[in-house]
Protein chains: 2
Amino acid sequence: MTRQEATHTQRIFLNRDRVLRAAVALADAIGIDALSMRRLAQELDVVPMALYKHVANKEELLDGMADTVVGEIDPPAVGSDWQSVVRGRILSARRALLRHPWAARVIESRTGPTPAVLAYLDSMAGSFRDGGLSADLTHHVMHAMGSRLLGFSQELFDTSGPSGPPDPGLAAHYPHIAELAATAAHEGGSTVGGGCDDQFEFEFALDLLLDGFERLRRQGWTSTRKA
Amino acid sequence: MTRQEATHTQRIFLNRDRVLRAAVALADAIGIDALSMRRLAQELDVVPMALYKHVANKEELLDGMADTVVGEIDPPAVGSDWQSVVRGRILSARRALLRHPWAARVIESRTGPTPAVLAYLDSMAGSFRDGGLSADLTHHVMHAMGSRLLGFSQELFDTSGPSGPPDPGLAAHYPHIAELAATAAHEGGSTVGGGCDDQFEFEFALDLLLDGFERLRRQGWTSTRKA
DNA sequence: ACCTGAACACCGTTCAAGT
DNA sequence: ACCTGAACACCGTTCAAGT
């Protein structure tokens with residue numbers, strides 16, 4: 001079959017990469033809950049079962065989508081102190097997650113780490129070790145960071161959406177929360193309903209942790225449990 | 001209809017509480033993925049549509065299940081320093097989540113905070129304020145804690161399951177991770193495959209954060225952004 | 001080798017009807 | 001008032017068949 005015939009009949013062969021990239025784009029467009037094998041097949045002008053030649057099942061599709069997003073994280077910077085390297089990489093991971101709002105939930109739902117996640121975590125562990133943290137401390141530091149290593153905000157609820165005017169009943173039932181909300185409104189400066197500055201909160205928590213780790217490193221901290 | 005007749009015909013009327021308690025018990029038993037409206041109805045010896053008189057839809061059922069678990073968290077201790085109060089409450093929340101392994105995912109999937117979560121967060125904010133943290137600092141501290149306030153481990157993957165023997169190929173591809181795994185194996189003392197001490201890692205991260213907050217409080221920290 | 005069609009065993013939810 | 005039965009519009013996935 002010549003290229004012209006292929007173009008004419010619109011028979012472009014599927015492959016794993018095309019499936020994954022279409023899945024990522026579709027999830028970006030319609031949300032992860034609306035992404036079904038059937039809907040994805042429709043997007044690729046193909047019958048649902050055609051997908052199963054390139055992906056064992058939906059879980060494997062989600063694995064591939066997670067790895068696609070993790071693959072977008074920038075490589076580590078060189079020639080900086082370890083805190084800058086780690087900080088910059090995590091902020092890059094956060095930007096990747098913000099580009100694909102469904103990605104955090106998908107990564108979290110994987111039962112085990114995918115190859116790209118393992119590679120990323122290995123690289124991050126290397127950055128801590130290169131910065132002079134012991135293997136012992138690096139281990140606990142990686143656990144303490146947890147999903148934040150991949151740019152997860154770890155907030156309880158997505159505050160980025162439309163927050164509307166503050167509920168007048170809220171202050172009566174939840175006085176302390178109302179007080180904090182008022183604080184945010186004053187600080188934000190811009191729109192009152194806008195709520196919190198997610199980027200500020202993310203960096204506040206990140207820097208608090210990194211500073212804590214550096215303090216432990218300087219103290220020569222080791223876990224006190226028996227060997 | 002007398003009570004005997006009611007007993008004989010097994011017609012026990014449904015109500016919201018009975019539905020929620022059955023849902024929690026069923027999720028504990030068969031896992032959250034297997035919990036469907038149809039399966040829950042079957043457990044209650046009722047036709048699926050009977051549930052919709054007591055719960056608007058499945059989302060509202062999940063809301064109720066989340067609040068049931070959050071309601072199990074112990075009240076705050078009295079007469080201690082703020083760090084002990086907060087720490088004890090969060091460890092209680094963690095125990096509740098460990099009793100209901102599905103709960104973290106369900107709470108996280110709620111689009112907004114449920115009433116029990118709001119009440120809990122308000123109470124926690126109060127504990128920080130009573131400890132002498134400013135409203136400003138308390139606000140950022142609550143964000144920094146995020147889901148950890150409710151006992152979430154925030155780890156990337158569930159390390160508590162059966163971890164099996166270490167993959168021999170892992171050391172070759174991911175040398176830094178292999179080194180950390182070796183550290184954990186030595187420390188754990190007990191079974192080599194057992195992996196990490198989740199409780200230790202949780203308390204390590206928690207105490208690091210609480211210590212950081214107390215340091216900021218002593219310094220009289222305020223967010224430096226314009227008012 | 002790669003794609004198709006029909007079917008299976010499920011979902012959450014509606015609607016109109018029963019008692 | 002509370003529960004039921006049947007149906008609708010979906011799922012992920014199997015299997016045997018097409019080309």
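Within every chain, numbering begins at 1; the chains are lettered A, B, ... in the order of the sequence lines, protein sequences first and strands thereafter.
- A salt bridge is absent between A:R95 and A:E72: the closest approach of a Lys/Arg side-chain nitrogen to an acidic carboxylate oxygen does not fall below 4.0 angstrom.
- Here the P atom of nucleotide C:dG12 and the CG atom of B:L51 are 10 Å apart, to the nearest Å.
- Between the C1' atom of C:dC11 and the CG atom of B:L40 lies a distance of 14 Å, rounded to the nearest Å.
- The minimum heavy-atom distance between B:L61 and B:M37, with the atom names listed, is CD2-SD, 4.0 Å.
- In terms of heavy-atom proximity, A:D67 sits nearest to A:P115 at OD2-CD, 3.4 Å.
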Practice item. Could you summarise the pairing of DNA chain D as dot-bracket text, marking Watson-Crick and G-U pairs under 3.5 Å with ( ) or [ ] inside the strand and | across strands? Key: ||.|||||...|||||.||
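- In this structure, the CG atom of B:D33 is 14 Å from the P atom of D:dG12, given to the nearest Å.
- The salt bridge (Lys or Arg N to Asp or Glu O under 4.0 Å) search around A:E108 returns none, not counting sequence neighbours.
- Relative to the side chain of A:S36, the nucleotides D:dC11, C:dT13, D:dT4 differ in distance, and D:dC11 lies closest.
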Practice item. Tell me, with the steps shown, if A:F213 and A:L137 meet side chain to side chain contact (heavy atoms under 4.5 Å, CB included). Key: CA-CA 8 Å; A:F213 301 154; A:L137 179 54; 5.7 Å; no
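- Tested against B:W102 for a side-chain contact (heavy atoms from CB on, under 4.5 Å), the candidates B:D33, B:L62, B:V69 yield a single pass: B:V69.
- A:R38 and A:P48 make their closest contact through CG-CG, 4.0 Å (heavy atoms, listed as atom of the first residue, atom of the second, distance).
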Pick out the pairs of N or O atoms, protein on one side and nucleotides 15-19 of chain D on the other, that lie under 3.5 Å.
none

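- Atom P of nucleotide C:dT4 and atom CD of A:Q42 are separated by 14 Å, given to the nearest angstrom.
- Shown here for A:M65 and A:A23, the closest heavy-atom pair between the two residues is CE-O, 3.5 Å.
- Put simply, CZ on A:R38 is 12 Å from C1' on D:dT14, counting in whole angstrom units.
- Using a 4.0 Å cutoff on non-hydrogen atoms, the parts of residues 54-65 of chain A near DNA chain D are A:N57, A:K58, ordered by number.
- A:L44 places its CG atom 11 Å from the P atom of C:dC3, with the value rounded to the nearest Å.
- Set against C:dT13, C:dT4, D:dT4, the side chain of B:A50 has D:dT4 as its closest nucleotide.
- When distances are taken from the side chain of B:L14 to each of D:dC11, C:dT13, D:dC3, the shortest belongs to D:dC3.
- Near DNA chain D, meaning a heavy atom under 4.0 Å away, there are no residues from residues 24-32 of chain B.
- For the pair B:K53 NZ and C:dT13 P, the interatomic distance rounds to 15 Å; values are reported in whole Å.
- Contact annotation: the side chain of A:V117 never approaches that of A:R110 to less than 4.5 Å [non-hydrogen atoms, C-beta and beyond].
- The two residues A:I107 and A:A66 come nearest to each other via the heavy atoms CG1-CB, 3.9 Å.
- In this structure, B:Y120 and B:L149 approach most closely via the heavy-atom pair OH-O, 2.6 Å.
- Note: CZ (A:R39) to P (D:dC11) measures 9 Å, nearest angstrom.
- Under the ring-ring contact (aromatic ring centres under 6.0 Å, His included) criterion, A:F204 pairs with B:H140, B:W221, not counting sequence neighbours.
- B:R87 has a carboxylate O that lies under 4.0 Å from a charged side-chain N of B:D207, or vice versa, which qualifies the two as a salt bridge.
- Between the side chain of A:Q154 and the backbone N or O of B:R148, no donor-acceptor pair lies under 3.5 Å.
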